[in-house]
Each structure stands twice: as structure tokens, then as C-alpha cells.
Amino acid sequence: MMTTEISPDGQLAALVADAQRLYEDLAFGSVRAWKDGAQGRRAIGFLPIYAPREIIHACGALPVGIMGGSDRLEIVRGDSYFQSYICHLPRSVVELAVSGRLDALDGFLFPSTCDVIRNLSGMFKVLFPDKYIHYLDLPQNFVAGQGGRFYRSELQSIARAVGALTGIEATPERLRHSIRAYNDNRRVLQQLWQLRCDAPSQVSTAEYYLLLRAGYVVPVEEHTRMVERYLSLVGSVERRAVDNIRVLVRGAFCEQPPLALLRTLERAGCYVVDDDFVQGIRLIPEPIDESGDPFDALAHAFLHRSLPCAVKYDAKRTKAADLVDACKRAQADGVILMAPSFCDPALLDQPMLQKALEEAGIPFTTFKYSEDTGQFQVIREQAGTFADAIKLWGATI
Amino acid sequence: MSTAAIKDASMEQQKALMAGYFDALATAPERGQKCVYTFVPGNLTELIRSFDLLPVLPEINALQSGMRGKSADYIGLAERGGHSEDVCTYVKCDIGMLKSGNIGPTGKPLPKPDLLLLSYTGCFTFLKWFELLREEYDCPIMMLHIPYQGDGEITPEMRDYVVRQIKDELIPQLERISGVKYDEDRLRQALALSSKAEDDLVWTLESAKHVPSPIDAYFGGVYYIGPIFTAFRGTQDAVDYYRLLRSEVQGRIDQKLGPVTPDGVLEKERYRLVVEGPPNWTSFREFWKMFSCEGAVVVASTYTKVGGLYDRGFRHDPDHPLESLADYCMGCYTNLNFPRRIELLESYINEYQADGFLINSVKSCNSFSAGQLMILRELERRTGRAGGFIESDLVDPRYFSAANIKNRLESYFQMIEAKRLGV
């Protein structure tokens, strides 16, 4: 009897298909399955962009990123909560919530990303008075004795509340263990980013993106194994490189572009070699200290090691230099500033980013999208024209 | 309705105060007086003035530009410069004004800032606004992060955070800029004056509990909050203004007079309303007249609480100066969470015997607007009163559709009538 060995290509396709299933499952079936795996398990949802998942993990709960409904969710009731000039993300989040798709989640963290997510925290308090709902006020003052001290108290407050739900205290030992688990995850994600940057033809934007999204629903240890396996498999297959330009994407840190939009960029001639998709997963890209006081370590990492982002106050006024440096590091030919419609942080940041790029002579193009954008022809033409112009005239456009 | 133009003495006094303030700003550079740009919610006027510095409030400049018909050009200029049509029009109006020579609302130039004090209270846009202004000015900037009342309360950790920032960063910064040493006694004296003025402001706002109401607490209210929300809190001028205002309102109560409107004194109060959200500034009088012509009086509003919820008991406290300033910053209306905003509105509807409530949802202000449709539903459910919803903008005239708003208001007033008839 002959046995059929699955080729690396096939294994890779299966892994990506698994990631895509996770991405498409708007009812969080994997989270429900994880909870069913043992009695008393709890899952805590968090909104974009950043939440300290280590704290939730240390309490024995599963942190789950809620990134909206993309283009796969019909909004039935969500629109009745928001005016036309509010971005799309909160509509789909409310739709997910009132339709019962978020029922597996035992609590929610709403980070201080913008006024919309802030207000959504209070709306959830009204909608779900029996659930743990907390507005996570990330510090905008980056002095250790001020913002750091305050943030430490925020972290402790979350640890107490989630610990009360799970019955597991986030002891220093447990927290250090969790930090280690997420550091392992950071290391493999760094490898993924590096490979994508070095050989973007090997790591497609869509695959890369699906891997990131998987990290928001499965346990971190499982996600680390998943990325390791992807890296191993993708290294053993050969994919054809095409004559695409290398672009850096900024503005997509909160409401996420639909997958088809990412594929459109690539088809239009743009390899994405750096981006801010799902930014919370790598807001702190380097490993966090595993030896000292874990609350201090987490606070220090946020204050001093987190990446620049539109929702963080640019205290040291390095926004322009950071963007230009990122372009140089990634050897980007140009930048796509793609922001969700009505996204205050991204759109208010954009004039400053444009100025920085103009001064540095780096070509850029801008467009808006929403998570349910369904027509890509205009974006394809715009991105394609951008790519063609760079190929023809380089940085002089 | 009487058509006689009425100018109360308090209005004249406020006009003189504001003119003097903008004169002082215009002449500040030549007089060597330094200026601090900061925001209305959670402003630290007493502290700033205790260093002989003048506060400049970009939102006030923007709304004044809106009222004087200049905002459309300013916004257009900013949008042509790369600012999105989707974002706050206060910011774009301010940027456009700056690019047009920074001529203030009274036609006189505004001074450049010596400090951008980013008092980050209840509005994400503030953060970006001053990052944008920083690109234009060669001056220091300081972030004063005010935590949000996410769980509906001010915790000791939140207070400690704000006090530390004021004590360890802001005060030394103000000392450096002004060359004046921090004088806590001077600050205490100012806070004592604030508290006096706040007493009379609250008395004035609460006079709307009378039937008929002697004031309009939204359209008239924005004038009443002017001095205390801006540059005059902590001054004798503010104390005098609010004492005079109080005596005038008492006079109207004694005579059972309604509020002063653009067409004179309102003679018959037909509808008592509570309003949530800021007003439109570009068509302010036209907007007001849509109410006053129907005999609708706003008896309480949340916009008049963006600079502090004095009517819920807060007073600046000279005995605890920095803690009191911290609590003030954290207690502004847009720093309250949703459940507390809904509770506040519900209490206004009941306490002020309102026939209904109306939400003016402004496109520019997500801090106010995001989720207001839930507020509408919750209030209808809790109070059984008629709820109305209209949309406009702060200072972008493209988003003020007079016919549409008037239509909606007329329907809304019919809804109140129907409720009265038990339909």
C-alpha cells in the first residue's frame, strides 16, 4: 500500500487554511472550544489596538482580540447605534455583541485608542451590565514615576479583576512565565517580519496577515508553534518573485482592511514589507524583561520600548524620523498611507506623516478604506499607478 | 414675543471682558507677557494666571471664527493642505486661521504660544491638535494626561497621577517660562474666587427649574459659561460678572419673564427641553430661533458642563489646590463614562420637568457623538419622554442643513404634543 506524503506546499496550504478558518470564524468557535477544554476557563476580549495580554494569560484566561467583522458580517443592528460619520469598526463590534457571537467572552478591555472605542466601553457597560468591562487607560505621560506608576496600577487592577473571574491570582511567578511565553511569540514574529522584509515574494501579505490574526484567538503557545511551523515550511518552498515595488503601509492599526484589499495591493504591484496591521500584537516588538518585578517590566516596556503609533502621544517628537527610518530599514520604495474612513488617529496623523515623507523625498500615496470595503478596482488602479510610477521614475515622483 | 433688542448689563460686561482679553492677547508680545495655549475642558486657568501668563484657547478661537463666518475659508485652506474632510473642524479651522496670519476673532493678531499645554481631557483629538500645532511653533509642549472616568469614578491612583504631573512637570515648566516662582497662596486666592463665581453660575443654571424658565440653558447658557470656562475663572472679574448675572436672572424670575432670545424676551414657554451635544456655531442665531420661534426653551444642557460639573457639587477648593485642580480636570462632562452621562441626562429631564430631550449630534466631535443613539434609546426607555435627534457640525457650514433641521424639529415638537395628548 502506498502512503502519500504531503508536500511542504500542501502542508503550508493547510496551515494557511487553518489560519484563514480562524480569521473567518466570527463566532469565535476556537475560543469556545478552548473554554470547553477544561472547567472554569475564561476568555477576555480586547479591542484594538493594544492590551497587555500577559496579564490575562497569567490569570489563566485566554486573551482574544476583537478586530471587527471585516467584510463578512452583515450589519443588521450595529448601524442603529452609530451615525454615518463614525468609523465602521464599532458597528461590527456591536453587531457581533448583540447577535451573541461574543457570548464566549467573559470580559472586555477597551484600550484608550480613540474616543469611539472609549465610548464603546461605556456602551458595553450598558449593554452587558453583568460582564467585566474595563476601559484601559494607557499612559500618555511616559515618565516612570508618573505615567509608569499610573499604568502599573491599571495593570494591577486588571490582574485583580481577571483573577477574580478565573480564581487564579497573577502571582509574580505566573506573570514571569506569561512574559516568557509572549517573548517566545515575539521572537518568532520577529523572524516572520524579517523574512517577509528580506523575501516578500516568499511571505505573501495575506498569509502574513492571517498568521497575525491567528495570534489574537489561539493560545500564545499554540500561535508560536504555528508561526514556527510556517517559517519552517515556507523556507522549504520556492515561490516566484515578481517585479513588485516594496512599500510600507501606515494607518491600518485599528479597523482592519479586508483580506481582499491586501491581496489587491500585491496584485497591483506592491510588496508590503512593513506595516501596522494588527499593531497591538507587536506594539512591543522586543522581549520584555523576565527577571524583575513583572508589573514594572510590562510598564517599562510600554513606556520605553513600544513602537510609535498614532494613538500614542509623540512625546519625543520623533514621528517624522521614525517613519523615515522605518522606510530605510525596510528598503521601501514608497509608502501607502491607508486609513479607515473617519479614523481620527490615522487621519489627523496623516498631514504630519506626509510632510515627513515629502521632506525625505519618499514617494507616497493615500486612500481610505473601511473594513467592509467591497470594491477594489479604484484602489488597484491607484496602487498600480503608484507602483508603475516608482518603477519608471523611482523616488522622483 | 417682544421684538425689542435687549442688552442686559451682564451681556455688556461680558462683551467688555472678552474684548479686553483679546486686546491683552494682541498686545502680549509687545508688553512681554507670555501665553499658554491650552484647551477648555480641564483648563488650569488659575494656575496659569498665577504665573502672570495668559491662557489662549484654540476651541474658543475656532467657535468665534464660526460665529463670524470665517470658518469655511479656514477649513477649506486646511483641507487643501492635506487635512481630511473626515476629522474635527475645530482643528482645521484653527490650522486654517494660523495659515491665514493667526488673526483672532476680533480682527487682532493672536500671540504665538510660549507653551503648548496639552491638557488631554475627554477628547482624543486634543492630542493630535497640539502635535499639529507643534509643527508650526518653536516652543515647548507639555502633555498633561487626564485619566478618563472609565469606571464612573475618580480613584486615588488617578488623582495622584494628575497631581504628580502638575507638581513635578507642569509647575516647573511654568516657572521656567514665566520666570515667576510658584506661589501656592496666590493660587489658593484664585481658587477661592473661582468657587464664589461657580456658586453663582450654578444658581443661574438651576434657575431654569422655575416655570417658566428665566433662562435658556443651552443657547443662552453658552454665554453664561463663557467667562468661567475660559480665561476668567479665578478672577474678581468673573465673580463680579456672575453676581451681576444672578441679580438679573433673579429680576426675571420676580417678573416671571422668560429667557432673552434673538427676538427679545420669550413670552410663552411651550416646550421645556434638555439638550445633549454642542451647538452649531456657524448658524447659531438661526439655530436658536428654530427653538425660540416655537416657544421651546432649553432648561438644561450637557454642553454647558464641558468645563465642569459644578451643578453636581464640584467647587475649586483653596484648601486642596492641586488635588482640586486634578478633580476638576477629571470631572468634566466629556470625561464621564456613558452610564454616568445617561444618568446625568436622566436626572436633568426629571429635575427640570422637561417635556423631552434632544440630541444635537455634531460630526466633528466623536467624544460627544459616538454612541449618542444609544443615549437616545436609553433615555426614552427610562423616562418615557420624547427624544429627538438632529445632526450638524461645530464650525463647518457644509454640515448645517437648516431646512432639514427645522423639519426634524417641527416633527419633534409634534411628537411632544402627541405625548401630551396621550397619543
Side-chain angles (χ1 to χ4, degrees), chain A residues 80-87 90 94 110 112-127 129 133-137 139-143 145-147 149-150 153-154 157 310-315 317 319 339 341-345 347-352 354-355 366 368, chain B residues 78 81-84 86-88 91 95 118 120 122-125 127-132 134-135 141 143-145 147-152 155 157-158 160-162 164-165 168-169 334 336-342 361 363-374 377-378 389 391 399:
Chain A
S80 69
Y81 287 79
F82 295 100
Q83 302 89 320
S84 56
Y85 52 78
I86 305 288
C87 59
V94 167
F110 291 81
S112 48
T113 297
C114 66
D115 292 333
V116 173
I117 288 184
R118 186 198 71 180
N119 286 5
L120 192 57
S121 71
M123 295 169 71
F124 264 57
K125 277 181 184 284
V126 175
L127 285 168
I133 288 151
H134 183 70
Y135 176 74
L136 166 60
D137 218 339
Q140 297 288 5
N141 176 312
F142 302 101
V143 177
Q146 296 173 20
R149 186 186 174 102
F150 170 72
S153 70
E154 274 285 283
S157 142
V311 306
K312 271 174 57 190
Y313 172 55
D314 178 22
R317 202 173 180 178
K319 190 194 301 280
S341 296
F342 303 109
C343 174
D344 277 348
L347 292 169
L348 286 162
D349 224 31
Q350 218 169 72
M352 292 179 273
Q354 289 180 196
K355 184 177 166 214
T366 67
K368 289 190 286 187
Chain B
H83 291 262
S84 169
D86 287 359
V87 301
C88 173
V91 177
I95 299 279
L118 206 180
Y120 182 53
C123 170
F124 173 81
T125 298
L127 191 157
K128 292 288 140 191
W129 194 337
F130 271 16
E131 281 189 0
L132 285 160
R134 179 173 64 179
E135 298 291 305
I141 182 169
M143 155 65 77
L144 176 67
H145 178 202
Y148 179 66
Q149 290 195 44
D151 289 331
T155 65
E157 289 81 7
M158 291 159 70
D160 176 64
Y161 179 30
V162 179
R164 278 174 185 274
Q165 291 178 87
D168 298 344
E169 287 196 57
T334 46
L336 304 183
N337 74 359
F338 246 60
R340 284 202 60 203
R341 281 174 63 180
I342 294 169
S361 183
K363 172 186 170 287
S364 272
C365 187
N366 284 346
S367 178
F368 259 104
S369 302
Q372 277 176 327
L373 287 161
M374 174 184 257
R377 277 199 289 274
E378 273 298 301
F389 199 88
E391 291 181 289
Y399 296 100

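Residue numbers begin at 1 in each chain, while the letters A, B, ... track the order of the sequences. Computed from a prediction, not measured in an experiment: that's the story for all the values here.
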Is the side chain of [X] donor-acceptor paired with the backbone N or O of [Y] at a distance under 3.5 Å, no angle test?
X	Y	value
A:N119	B:A370	yes
A:D115	B:F124	yes
B:K128	A:L347	no
A:R118	B:G122	yes
A:R149	B:R164	no
B:H145	A:Q140	yes

Pick whichever of [options] has the most heavy-atom pairs under 4.5 Å with chain A.
options	result
B:E135, B:R134, B:M143, B:Q165	B:R134
B:M374, B:E391, B:H83, B:M158	B:M374
B:P339, B:S367, B:G82	B:S367
B:G150, B:A78, B:G152, B:C365	B:G150
B:V91, B:D168, B:T155	B:D168
B:R341, B:E157, B:K363	B:K363

Return the option, out of [options], with the maximum number of heavy-atom pairs under 4.5 Å with chain B.
options	value
A:K355, A:E154, A:K368	A:K368
A:A339, A:A310, A:S341	A:A310
A:D314, A:L127, A:I86, A:V143	A:D314
A:V311, A:L120, A:I133	A:V311
A:S157, A:C87, A:P139, A:P90	A:P139

**Q.** Side chain, backbone, both or neither of A:P345 within contact of chain B (heavy atoms, under 4.5 Å)
**A.** both
Q | chain B contact via A:A315 - side chain, backbone, both or neither, heavy atoms under 4.5 Å | A | backbone
Q. A:N141 and B:Y161: which non-hydrogen atoms are nearest, and at how many Å?
A. CB-OH, 3.3 Å
Non-hydrogen atoms of chain A under 4.5 Å away: do they reach the side chain of [X], the backbone, both or neither?
X	value
B:F389	side chain
B:L118	side chain
B:N337	side chain
B:I342	side chain

Q | With B:D151 via side-chain hydrogen bond (donor to acceptor under 3.5 Å, both in side chains) - residues at least two apart | A | A:K125, A:H134
Roughly how far apart are [X] [atom1] and [Y] [atom2], rounded to 0.5 Å?
X	Y	atom1	atom2	value
B:L373	A:F82	CG	CZ	8.5 Å
A:Y135	B:F338	OH	CZ	13.0 Å
A:F342	B:S84	CZ	OG	8.0 Å

Does a side-chain heavy-atom distance below 4.5 Å link [X] with [Y]?
X	Y	result
A:Y81	B:R377	yes
A:D344	B:C88	no
B:Y148	A:S112	no
B:E131	A:D349	yes
B:N366	A:C114	no

Q: Could you list the residues that satisfy side chain to side chain contact (heavy atoms under 4.5 Å, CB included) with A:T366, not counting sequence neighbours?
A: A:L337, A:Q350, A:Q354, A:F364
